[in-house]
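So the structure is just underneath, and the comments pick up after that.
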Amino acid sequence: MNIDKIEQPFIKIFPGDFSGNPMQRNTPKVLFATIDPVGFDHPKLIAFNETLSEEIGLGKFEEKDLDFLVGNNLPENIKTYSTAYAGHQFGNWAGQLGDGRAILAGEITNNSGQKTEIQWKGAGATPYSRHADGRAVLRSSVREYMMSEAMFHLNIPTTRALSLAFTGEDVVRDMMYNGNPQNEQGAVVVRTADSFLRFGHFELMSAQGEYKTLQDLADFTIKNYFKEITSEGVQKYKDFFENVSRRTADLMVEWYRVGFVHGVMNTDNMSILGLTIDYGPYSMMDEYNLNFTPNTTDLPGRRYAFGKQGQISQWNLWQLANALHPLIQDEKFLEDVLNDYGSYFWESHDKMLCKKFGFDRLLKSDEQFFTNWQGLMQELQLDYTLFFNQLGKYDDQADLKTQFENVSYTFLDDEKSSKLEDFMTNYQLRLKENEISREQSLDLMKKTNPMFILRNYLLFQCIEEINDGKIEMLEKLTKALENPYEEIYPEFSVKRPSNYDDISGCSMLSCSS
């Protein structure tokens, strides 16, 4: 691989702590601290994303490159560092946080001039590890590697995964935070993004009163990642905030489109570029439930439940607005952008639902139609993905209950079947208001509704097999997630088997997952 092309412009521009000291501590008034990966004696490669490596300019993998993929024996051109940021966690100000498990190698530029940041996750402690070891276990690493790639192929903005490797050491983790720590196999993921900058980077500098660094950070971000912004002065920062708000809303709509629940939408987990970032206790939606959270740490309040993600993203943007206020100093503008966020989000959300149902445009009557649909989905415990797949196959001459019984997580008795029948009647009437053909409507649905989603129980099976030294499931899931709008493996396009309902890691997870 072309490791010699990796550079670190970030640490040449911004104030940092160059001591290389891994002791966990506050590092005031800086945006990063230099730190070396811990190094591993017996690493073993599990998976490598060849296509991504070529795209970003790293090139082909050779056996000797395994050292780089776990942070061993790095060449002199790679000056490794972790960044400092702050954040609101579960609604409360947490102060300085930072890359507790992530260490950056820097960025690489491909032949097209596209820059990509590269970082290890799980390669050792940093000053921001908060009394932890900076390692990662296999299960969380597999989940990060697989889901970030699944989201990319679903056409959703996301960080991406380059490689997954065993470290050759065991890591102690208490998976459910219930006093039962166990040894687990350690692993490292190399992940990539245009940038890993978060809301929290701006929050940290603003909270510390480092307004010159805050401005420099905003200028750096705009110059490198928001090329559409050409304004100057204060207007530049206004356009920046407006753009971040729009990207964030668009991302939330995409999450709702496929039924993705992040599980821990703290401001430090919000990408300034509108990417899906930090795959922890996430889940794809099985049975539709607006109140579903996959994160045990989010109970009982369910702050980050599926149905609240739009609202929480707006709350997080309020915190970013507060952080950027020293640069903008226009409360009314910030309030107007944030108030407009809701109307933009809901209009985009409802237009997205129209595509899922095969409607060519949004009508005023659709608001009530969608409300009725949500009630039906929850009462009948219908699988989110499978419902829309079945809707595209619906045959009004066949028995309705038979067509949908494998989509529901409850028994469809006569009363429930009658409600489903009423809904389908209304759906057929709504389709008649389309100005496109049924064939065009179905094509719209096929492009919007995935046939395959990476469910937690499938990931659980995959992790179990990798633990046992097998990769067949990993290979099959990878092929399936690379083609989510096709049904390559019909056995994956089914609702979650009941025997996985109460298994940790198949629905609910902790933040350590």
Side-chain angles (χ1 to χ4, degrees), residues 147 150-151 154 156 254-263 282-294 305-307 309 352-353 355-358 369-395 398-413 415-424 427 442 445-462 477 480-481 483-503 505-509:
M147 196 64 207
M151 293 289 272
L154 285 164
I156 297 173
E254 286 298 291
W255 286 4
Y256 281 113
R257 177 174 68 84
V258 300
F260 177 78
V261 194
H262 187 280
Y282 66 78
S283 180
M284 298 300 287
M285 181 72 65
D286 289 317
E287 60 265 48
Y288 185 87
N289 183 354
L290 292 171
N291 206 33
F292 170 66
T293 178
F306 176 64
Q309 292 183 132
M352 173 274 293
L353 279 182
K355 292 179 181 179
K356 287 183 75 68
F357 279 102
F369 177 86
F370 294 149
T371 299
N372 294 341
W373 163 74
Q374 287 179 326
L376 179 82
M377 292 290 289
Q378 297 207 146
E379 183 178 352
L380 273 58
Q381 298 179 38
L382 297 171
D383 187 281
Y384 185 55
T385 300
L386 298 181
F387 172 80
F388 284 103
N389 292 165
Q390 192 59 46
L391 206 62
K393 305 172 186 174
Y394 174 66
D395 180 0
D399 179 66
L400 183 66
K401 181 178 178 181
T402 301
Q403 292 183 75
F404 282 89
E405 62 185 354
N406 290 328
V407 175
S408 176
Y409 288 85
T410 188
F411 176 69
L412 295 180
D413 57 22
E415 181 181 356
K416 292 176 180 176
S417 296
S418 177
K419 291 181 178 180
L420 180 59
E421 185 174 344
D422 290 342
F423 173 81
M424 292 304 298
Y427 176 57
L442 288 171
M445 294 175 72
K446 288 176 182 177
K447 291 177 180 178
T448 309
N449 298 312
M451 297 291 289
F452 169 83
I453 57 168
L454 192 56
R455 299 175 189 264
N456 274 347
Y457 86 89
L458 294 172
L459 278 164
F460 179 84
Q461 292 177 4
C462 182
L477 286 178
L481 67 83
N483 303 276
Y485 298 97
E486 302 174 35
E487 194 174 60
I488 294 179
Y489 298 107
E491 65 268 30
F492 292 159
S493 297
V494 297
K495 64 184 181 183
R496 183 187 68 247
S498 59
N499 57 302
Y500 287 102
D501 287 352
D502 299 317
I503 296 178
C506 294
S507 181
M508 297 289 290
L509 302 103

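Since the model is a prediction, treat every value here as computed from it, not as a measurement.
When all heavy atoms of L477 and C462 are compared, the closest pair comes out as CD1-CB, 3.7 Å. In terms of heavy atoms, P450 sits closest to L154 at CB-CD2, 3.6 Å. A pairwise comparison of heavy atoms in A150 and L454 identifies CB-CD2, 4.1 Å as the closest pair. Smallest separation of non-hydrogen atoms from L290 and Q378: N-OE1, 2.5 Å. Nearest approach of I453 to L458, heavy atoms of both residues: O-CD1, 4.2 Å.
The NZ atom of K446 sits 6.0 Å away from the CG atom of L442 when rounded to the nearest 0.5 Å. Here M147 contributes atom CE and L481 contributes atom CG; the two are 8.5 Å apart, rounded to the nearest 0.5 Å. Note that OH of Y409 is 13.5 Å distant from CG of L380, once rounded to the nearest 0.5 Å. We find the CG-CD distance between N289 and Q374 to be 11.0 Å, quoted to the nearest 0.5 Å. Considering CD1 of I503 and OH of Y457, their distance stands at 12.0 Å, rounded to 0.5 Å. How far CG of L420 is from CD of E415: 13.0 Å, rounded to the nearest 0.5 Å.
The aromatic rings of Y500 and F460 lie perpendicular to each other, with more than 60° between the two planes, well past the 30° mark. Ring geometry for Y427 versus F423: interplanar angle under 30°, hence parallel rather than tilted (30 to 60°). Between F387 and F404, the two ring planes are tilted [angle within 30° to 60°].
Within a 6.0 Å sphere centred on NZ of K401, other residues, nucleotides and ligands contribute more than 12 heavy atoms. For D502, the CG atom sits in a loose shell: 12 or fewer heavy atoms of surrounding residues, nucleotides or ligands are nearer than 6.0 Å. Summarising the local packing, NZ of K416 is surrounded by more than 12 heavy atoms from other residues, nucleotides or ligands at distances under 6.0 Å. Surrounding CD of E421 are at most 12 heavy atoms belonging to other residues, nucleotides or ligands under 6.0 Å away.
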| request: Would you sort out whether N456 and M284 count as a side chain to side chain contact (heavy atoms under 4.5 Å, CB included), showing the intermediate values? | output: CA-CA 7 Å; N456 274 347; M284 298 300 287; over 6 Å; no
| query | Where do K355 and M445 land on the side chain to side chain contact (heavy atoms under 4.5 Å, CB included) test, with the steps shown first? | reply | CA-CA 6 Å; K355 292 179 181 179; M445 294 175 72; over 6 Å; no
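Side-chain contact between L459 and Y282 is present, with at least one heavy-atom pair separated by less than 4.5 Å. Residues V261 and T293 have side chains not in contact (no heavy-atom distance under 4.5 Å, counting atoms from C-beta outward). Side-chain contact between L391 and F357 is present, with at least one heavy-atom pair separated by less than 4.5 Å. Inter-residue side-chain proximity for M285 and T385 is flagged as unmet; no heavy-atom pair is nearer than 4.5 Å.
In this structure N372 satisfies the side chain to side chain donor-acceptor pair (under 3.5 Å) test together with Q368, sequence neighbours excluded. Under the salt bridge (charged side-chain N to carboxylate O under 4.0 Å, His left out) criterion, D286 pairs with R455, R496, sequence neighbours left out. Residues passing the side chain to side chain donor-acceptor pair (under 3.5 Å) test with N449, sequence neighbours excluded: K356. Residues passing the side chain to side chain donor-acceptor pair (under 3.5 Å) test with Y485, sequence neighbours excluded: R257.
For Q381 (side chain) and V407 (main-chain N/O), no donor-acceptor pair under 3.5 Å exists by modelled atom type. The backbone N or O of F306 lies less than 3.5 Å from a partner atom in the side chain of Y256, making a donor-acceptor pair.
Side-chain contact annotation: Y288 with D383, donor-acceptor N/O pair under 3.5 Å absent.
The aromatic ring centroids of F292 and Y384 lie 6.0 Å or more from each other.
Pairs passing the salt bridge (charged side-chain N to carboxylate O under 4.0 Å, His left out) check and including a residue from residues 373-382, sequence neighbours excluded, read E379-K419.
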Run the side-chain donor-acceptor check on residues 487-495: report pairs under 3.5 Å with partners two or more places apart or on a different chain.
{"residue": "E491", "atom": "OE2", "partner": "K476", "partner atom": "NZ", "Å": "3.0"}
{"residue": "S493", "atom": "OG", "partner": "M451", "partner atom": "O", "Å": "3.1"}
{"residue": "K495", "atom": "NZ", "partner": "S408", "partner atom": "O", "Å": "2.4"}

